[in-house]
Colleague: 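This is the structure I want to talk about, given as structure tokens.
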Protein chains: 2
Amino acid sequence: MSTLPASPTPPRRTAADGATSRRRGVELTQAIYRATLEELAATSFEELSFEKIAPKAGTGKSVLYRRWSTTAELVLAALKDDEAGLGRPLMPDTGTLRGDLLVLLTRFARILEEPRGRALRPLLTQRPRHPELFEQVMTQVIAPHRAVLLERMRVAVERGQAGPERATERTAAIGPRLVVAESIDHGTVSDAEVQAIVDEVLLPLLNR
Amino acid sequence: MSTLPASPTPPRRTAADGATSRRRGVELTQAIYRATLEELAATSFEELSFEKIAPKAGTGKSVLYRRWSTTAELVLAALKDDEAGLGRPLMPDTGTLRGDLLVLLTRFARILEEPRGRALRPLLTQRPRHPELFEQVMTQVIAPHRAVLLERMRVAVERGQAGPERATERTAAIGPRLVVAESIDHGTVSDAEVQAIVDEVLLPLLNR
DNA sequence: AAAATAGAGGACGGAATTGTTTCTTAGTCT
DNA sequence: AGACTAAGAAACAATTCCGTCCTCTATTTT
């Protein structure tokens with residue numbers, strides 16, 4: 001009854017022909033990161049355990065204990081990873097504020113559909129329970145991405161595409177917040193919804 | 001170490017002089033509702049159990065099992081309760097759209113600071129894990145409040161205080177969403193923040 | 001006043017998890 | 001080829017948690 005469907009990641013790795021293989025180094029670490037974020041996305045940080053992650057990554061618990069001593073450490077490492085996690089943000093430059101906003105928010109919306117994006121949810125909404133982890137995720141993972149959005153708004157101000165003094169952290173937060181809210185309510189965020197947020201909410205707000 | 005600070009609700013009821021009293025009926029039920037929502041607000045629905053609620057309400061587990069058979073039942077009852085939960089929404093009528101929005105959103109912001117408001121968070125953000133409960137909370141608890149906001153917007157349209165065809169469920173969702181987001185990020189939502197949401201985001205959006 | 005009801009609290013057995021350890025062997029290095 | 005490192009899997013003990021039952025007694029009902 002409580003048995004979950006088999007994890008997306010094959011529980012056991014097999015080589016091309018079916019002979020059993022054994023992953024090492026980066027390959028193994030990536031599999032563990034993915035399993036961690038999947039599990040976190042599906043449950044919560046409280047329920048996260050090496051016990052559940054190991055089989056989902058197709059490995060043994062000892063492999064995890066050898067590399068990280070707590071689930072918080074593992075989660076942070078997974079989120080910071082460029083491949084499995086969120087890594088470094090890309091700076092768009094479409095020439096217009098509208099274009100930059102669409103690129104950034106659409107990209108954000110897509111990531112929220114993946115496990116690595118959903119993994120953020122339990123962390124952010126359960127903030128008071130893990131202040132240290134929350135703080136680290138905030139400064140090491142979220143902040144760089146926020147900075148990019150604010151930066152594009154500042155550039156827009158310089159280009160005269162947005163009213164002066166409108167490029168603040170507060171206004172920069174509105175877009176991502178609405179996208180997250182839509183994601184939570186509908187499970188997905190359509191391109192049309194992103195457009196509506198940009199055209200009907202953000203641009204009117206930022207143009208003076 | 002894992003012992004939580006004593007619950008706000010006294011674990012044991014004592015009469016005026018210190019003689020031990022024993023609650024019954026409504027009084028007892030209310031205490032259980034409050035304990036339930038407090039516990040839910042502090043943790044998550046997954047971690048909720050009669051075992052934890054009973055001592056927090058200053059009663060025994062058998063009392064709970066006698067009245068509800070599952071935690072989902074109990075949670076829904078608590079949220080629907082007029083006193084302990086959210087109950088029926090109040091319809092404001094200040095004469096202006098701005099006034100109505102300020103009243104509704106400010107009231108919402110205050111409720112989100114209380115346990116009964118925070119109790120909603122784990123339910124809404126963990127939606128896929130309890131579809132039935134989520135559905136019931138949505139239709140029986142949230143929907144009536146949403147309806148009030150939309151209704152005030154419709155009235156504003158009739159009065160010419162808002163552009164036609166602007167009073168949609170989508171636009172009605174923006175205010176509450178931004179309030180929730182601010183609440184999650186900052187733990188509290190100041191009156192100034194509510195004002196900013198109304199004046200800088202909602203009114204520009206709704207006035208045509 | 002006596003009987004009946006239901007609250008408070010704890011005991012109990014069982015099921016489910018968890019972190020750690022141990023063991024065998026695949027894959028790597030010299 | 002032989003030695004070595006680390007992966008994968010399982011055994012282990014300890015803990016936690018759950019639902020039921022039992023006892024005692026405060027409060028209500030007759």
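Lettering of chains follows the sequences in order, A, B, ..., and the numbering in each one begins at 1. In what follows, every heavy atom counts, from backbone to side chain, and hydrogens, waters and symmetry copies are set aside.
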Colleague: Within the pair Ser49(B) and dC18(D), is there a side-chain N or O less than 4.0 Å away from OP1 or OP2?
Modeller: yes

Colleague: Tell whether Arg24(B) reaches the base of dT28(D) with its side chain through a donor-acceptor pair below 3.5 angstrom.
Modeller: no

Colleague: Report, as yes or no, whether the 6.0 Å neighbourhood of atom CD on Glu165(A) holds more than 12 heavy atoms from other residues, nucleotides or ligands.
Modeller: no

Colleague: On DNA chain D, does the nearest nucleotide to Leu28(A) precede the nearest nucleotide to Glu51(B) from the 5' side, or the other way round? Give the residue.
Modeller: Leu28(A)

Colleague: Rounded to whole angstroms, how far apart are CD on Glu39(A) and P on dT17(C)?
Modeller: 12 Å

Colleague: Can you find a donor-acceptor pair, distance only, under 3.5 Å between Lys61(A) side chain and dG19(C) base?
Modeller: yes

Colleague: The criterion is ring pair (Phe, Tyr, Trp, His ring centres under 6.0 Å); which residues satisfy it with His145(B), sequence neighbours excluded?
Modeller: none

Colleague: What is the distance from CD of Glu46(B) to P of dC17(D), rounded to the nearest Å?
Modeller: 15 Å

Colleague: Between Ser190(B) and Glu193(B), do the side chains contain a donor N or O and an acceptor N or O under 3.5 Å apart?
Modeller: no

Colleague: By side-chain hydrogen bond (donor to acceptor under 3.5 Å, both in side chains), which residues pair with Ser183(B), not counting sequence neighbours?
Modeller: Arg121(B)

Colleague: At 4.0 Å (heavy atoms only), tell me whether Lys52(A) reaches a base, stays on the sugar-phosphate, or touches nothing.
Modeller: sugar-phosphate

Colleague: Grab the CD1-C1' distance between Ile53(B) and dG7(C) for me, whole Å please.
Modeller: 17 Å

Colleague: Please identify each residue that fulfils ring pair (Phe, Tyr, Trp, His ring centres under 6.0 Å) with Phe45(B), with sequence neighbours left out.
Modeller: His130(B)

Colleague: For Glu73(B) and dG19(D), give me the distance from atom CD to atom P, rounded to whole Å.
Modeller: 13 Å

Colleague: Nearest-Å distance, CG (Leu48(B)) to C1' (dC17(D))?
Modeller: 14 Å

Colleague: Which residues in residues 62-71 of chain A have at least one heavy atom lying under 4.0 Å from any atom of DNA chain D?
Modeller: Ser62(A), Val63(A), Arg66(A), Arg67(A)

Colleague: Rounded to whole angstrom units, what separation is found between the CD atom of Glu27(A) and the P atom of dT28(C)?
Modeller: 10 Å

Colleague: side-chain hydrogen bond (donor to acceptor under 3.5 Å, both in side chains) with Glu169(A): which residues, sequence neighbours excluded?
Modeller: none

Colleague: Using the ring pair (Phe, Tyr, Trp, His ring centres under 6.0 Å) criterion, which residues pair with Phe50(B)? Sequence neighbours excluded.
Modeller: Tyr65(B)

Colleague: Specify the separation, in whole Å, of atom CD1 of Ile32(B) and atom C1' of dA8(C).
Modeller: 11 Å

Colleague: Do the side-chain N or O atoms of Thr59(B) get closer than 4.0 angstrom to the phosphate oxygens (OP1, OP2) of dA8(C)?
Modeller: yes

